[in-house]
K.L.:
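Once you've had a glance at the structure underneath, I'll fire off some questions.
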Amino acid sequence: MHILVTEGLTKRFPGVTALDQLTVTTGPGVTGLVGANGAGKSTLIKMLLGLLPPSSGRAQVLGLDIATQGAQIRRVVGYMPEHDCLPPDVSATELVVHLGQMSGLPRTASRERAADVLRHVGLYEERYRPIGGYSTGMKQRVKLAQALVHDPQLVFLDEPTNGLDPQGRDEMLALIRRIGSEFGISVLVTSHLLGELERVCDHVIVIDSGRLLRSSAIGDFTQATSVLTVEVEEGTDALLAKLTEAGQTVTPQGRALLVKVDGPGTYDAIRDAAVELELCLTRLEQGRQRIEDVFREEVAGV
Amino acid sequence: MSEGVIHDIGYRHYDGARLGSAYGTRALFVFTLRGIFGLGRPARSKVMPFFLVTVMLLPAVVSIVVMTLMNETAMTYTSMPTIMQAVPAIFLASQAPTAVAPDLRYKVLPLYLSRPVGVTQYVLAKYAAMVLALFLLMAVPLVLMFVGELLVDMPDEPLRTQQFAAGLFTSLVLAVLLAGVGLLLASLTPRRGLGVASVIAVYMLCLAISGALVGTFESVGRTTATEWAWLINPFFLVDAVRVWLFGGEVASGGTYPPGPGPALIVIALIAFTLGALFLRYRKAAAR
């Protein structure tokens with residue numbers, strides 16, 4: 001089943017084309033939508049919610065047409081905006097219960113659901129206090145809770161890690177992973193940071209200036225670019241020479257070396273080289289920024 | 001037999017009823033109405049509305065006391081809204097921004113519009129809530145006074161049912177007119193303080209201009225112009241409609257232009273403010 005289908009989806013504003021002939025298909029699970037600021041991510045989400053009519057092209061969300069069935073889409077889809085969107089003088093409970101009702105849940109059901117989702121996103125006693133006093137991390141959780149309160153089949157999360165500290169970012173990403181797997185709710189999550197999405201996504205769509213750069217399963221990204229980061233205390237140059245001599249593809253990056261993994265032999269070659277040169281190996285790690293590298297290459301190639 | 005307690009019951013799906021956008025509109029109406037009176041908000045949000053409600057009730061209480069002790073009517077139902085006009089005006093100024101400004105200032109609107117309700121339903125719910133709040137503010141004292149009159153049952157005075165109905169009519173038309181003006185001004189200035197100031201400024205301006213013109217025209221003996229000058233104040237404008245439809249004493253103490261003129265102005269004003277409000281939100285939604 002397709003969660004999302006777009007065909008030649010285009011949005012032109014006066015003077016700027018926000019989305020240009022976008023054709024993508026995604027299935028259930030967590031889909032990442034990656035692009036720099038202004039790449040058209042938020043525009044795409046607004047169009048998928050049926051709030052912004054396309055200039056041309058078509059799109060379906062959960063089998064519903066965005067041009068004619070916007071109201072039905074909004075009934076079964078949740079949306080977490082990128083910007084601040086919470087009134088300060090209302091408590092999280094009050095707001096989420098109210099927005100649950102706005103999505104069509106009867107009041108008692110909405111109360112139950114609000115208590116459930118606020119617990120799932122990790123808000124406890126503080127949910128009875130006015131939102132104005134919350135930290136950024138807590139506000140992001142409230143924003144997520146209101147997108148989930150009506151138990152949607154799909155949620156659009158626009159830059160959910162924006163403004164969070166590293167720990168808050170990790171917690172938010174773990175939560176997104178849970179929504180996609182444990183909760184069984186499909187997720188379309190946007191970010192301008194590719195690195196963080198590979199940890200939670202099944203599928204990644206990369207757009208740039210409103211055009212599709214790439215859409216593929218996460219495995220395709222990582223397979224193509226499995227890279228090891230190798231760091232030694234001293235003798236980086238010697239190691240570089242030795243590994244190149246052994247037939248490995250090596251690129252220096254700061255103090256580290258990036259070694260392309262051709263197979264199990266790569267690991268052996270690194271081990272042998274380090275032993276032979278009597279180097280102190282301090283780091284041997286699967287490349288962290290694999291998708292970003294792909295992205296960089298593809299942007300350079302376009 | 002299991003003795004353990006499962007604390008984390010995991011995620012539960014919802015398979016209950018999902019109601020339509022009419023239900024959502026009603027929920028927004030109730031939420032807004034509660035917000036206008038500060039219910040479900042911090043204590044300081046309740047101070048102003050409840051203070052003003054109390055002030056509005058005082059004349060009704062005094063009137064009942066006078067009816068009980070002296071067996072005579074102290075105040076007419078139709079003059080109440082105009083005599084107390086500063087109170088609904090301040091209520092409108094302080095509470096209309098509460099109803100619309102936060103959603104614009106804190107960009108809450110997208111949370112609503114990503115749900116089944118549309119801009120039209122959103123505006124209607126906000127408008128209806130403000131109308132009902134103003135109507136309650138002005139009509140509850142009248143109802144209290146009427147209940148008092150029923151209970152006191154003064155032997156020399158006939159029951160003023162028609163005048164009571166006329167008073168309710170004035171309150172309703174005022175509520176519909178003022179709510180539109182207040183929400184429009186408040187929605188144009190998303191900062192709450194500016195909203196309060198702009199509503200009160202417009203009211204004071206109407207009051208002052210009307211007063212000054214009436215004085216000027218009266219002193220030079222231009223009766224027709226004086227009659228129309230009264231109508232610049234929205235409270236006297238609605239009073240003029242009431243006089244045209246129900247008769248009775250003129251609350252301003254002067255005279256109004258005869259015929260349906262004032263009523264047409266009221267209808268035009270309501271249509272204009274509602275139309276402008278819809279345009280304002282159509283624009284806000286597109287952002």
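Letters go in sequence order (proteins before strands), and every chain restarts at 1. On a predicted model such as this, the values are computed, not experimentally measured, just so you know.
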K.L.:
Counting only heavy atoms from other residues, nucleotides and ligands, does the tally under 6.0 Å from CZ of B:Phe272 exceed 12?
P.N.:
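Counting neighbours around CZ of B:Phe272, 12 or fewer heavy atoms of other residues, nucleotides or ligands fall under 6.0 Å, so no.
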
K.L.:
Which region of B:Arg44, side chain (C-beta onward) or backbone (N, CA, C, O), has a non-hydrogen atom less than 4.5 Å from a non-hydrogen atom of chain A, or is it both or neither?
P.N.:
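No part of B:Arg44 comes within 4.5 Å of chain A.
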
K.L.:
Could you tell me whether a side-chain N or O of A:Arg75 sits under 3.5 Å from a main-chain N or O of B:Leu19, the two making a donor and an acceptor?
P.N.:
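Yes; judged by distance alone, with no hydrogens or angles, the pair exists.
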
K.L.:
Where do B:Pro116 and A:Ser103 come nearest, in terms of heavy atoms and distance?
P.N.:
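Taking B:Pro116 first and A:Ser103 second, the nearest heavy atoms are CD-CA, 4.0 Å.
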
K.L.:
Taking 4.5 Å as the heavy-atom cut-off, does anything in residues 88-97 of chain A contact chain B, and if so which residues?
P.N.:
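So the qualifying residues are A:Pro88, A:Asp89, A:Val90, A:Glu94.
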
K.L.:
Could you check whether atom CZ of B:Arg26 has more than 12 heavy atoms from other residues, nucleotides or ligands sitting under 6.0 Å from it?
P.N.:
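At most 12 heavy atoms, drawn from other residues, nucleotides or ligands, come within 6.0 Å of this atom.
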
K.L.:
Within this structure, what is the CG-OH distance for the pair A:Leu148 and B:Tyr14, rounded to the nearest 0.5 Å?
P.N.:
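It is 15.5 Å, given to the nearest 0.5 Å.
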
K.L.:
Would you indicate whether B:Asp15, at its atom CG, is surrounded by more than 12 heavy atoms from other residues, nucleotides or ligands within a distance under 6.0 Å?
P.N.:
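It does not: B:Asp15 CG has 12 such atoms or fewer within range.
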
K.L.:
Do A:Met102 and B:Gln121 have side chains that approach each other closer than 4.5 Å (heavy atoms only, starting at C-beta)?
P.N.:
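When only atoms from C-beta onward are counted, B:Gln121 and A:Met102 do not touch, as no gap falls below 4.5 Å.
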
K.L.:
Which bit of A:Val76 comes within less than 4.5 Å of chain B, counting heavy atoms only: side chain, backbone, both or neither?
P.N.:
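A:Val76 has no heavy atom closer than 4.5 Å to chain B.
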
K.L.:
Within the structure provided, determine whether A:Ile185 and B:Tyr11 are in side-chain contact (heavy-atom separation under 4.5 Å).
P.N.:
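Yes. Closest side-chain heavy atoms under 4.5 Å.
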
K.L.:
Between A:Ala109, A:Pro106, A:Gly184, A:Ala71, who has the most heavy-atom pairs with chain B when the cutoff is under 4.5 Å?
P.N.:
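Most pairs with chain B among the choices: A:Pro106.
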
K.L.:
Taking A:Lys143, A:Gln72, A:Arg74, A:Lys46 one by one, which has the highest count of heavy-atom pairs under 4.5 Å against chain B?
P.N.:
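Greatest number of close heavy-atom pairs with chain B: A:Arg74.
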
K.L.:
Side chain to side chain donor-acceptor pair (under 3.5 Å) between B:Arg115 and A:Gln146: does it pass, once the steps are laid out?
P.N.:
CA-CA 11 Å; B:Arg115 296 184 147 77; A:Gln146 66 78 28; 2.9 Å; yes

K.L.:
Using modelled atom types and a 3.5 Å cut-off, is there a donor and acceptor pairing between side-chain atoms of B:Arg18 and backbone atoms of A:His150?
P.N.:
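Present.
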
K.L.:
Above 12 or not: heavy atoms from other molecules or residues under 6.0 Å from NE2 of A:His2?
P.N.:
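Check fails, neighbour count at 12 or below.
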
K.L.:
Using a cut-off of under 4.5 Å for heavy-atom pairs, which of A:Leu105, A:Leu86, A:Leu51, A:Val117 has the most such pairs with chain B?
P.N.:
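Among the listed options, the one with the most contacts to chain B is A:Leu105.
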
K.L.:
Given heavy-atom pairs under 4.5 angstrom as the criterion, report whether the side chain, backbone, both or neither of A:Leu49 touches chain B.
P.N.:
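Contact with chain B involves the side chain of A:Leu49 alone.
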
K.L.:
Between side-chain atoms of residues 106-114 of chain B and protein atoms elsewhere (two or more places apart, or another chain), which donor-acceptor pairs fall under 3.5 Å?
P.N.:
residue  : atom : partner  : partner atom : Å
B:Tyr112 : OH   : A:His98  : NE2          : 2.8
B:Ser114 : OG   : B:Pro110 : O            : 3.0
B:Ser114 : OG   : B:Leu111 : O            : 3.3

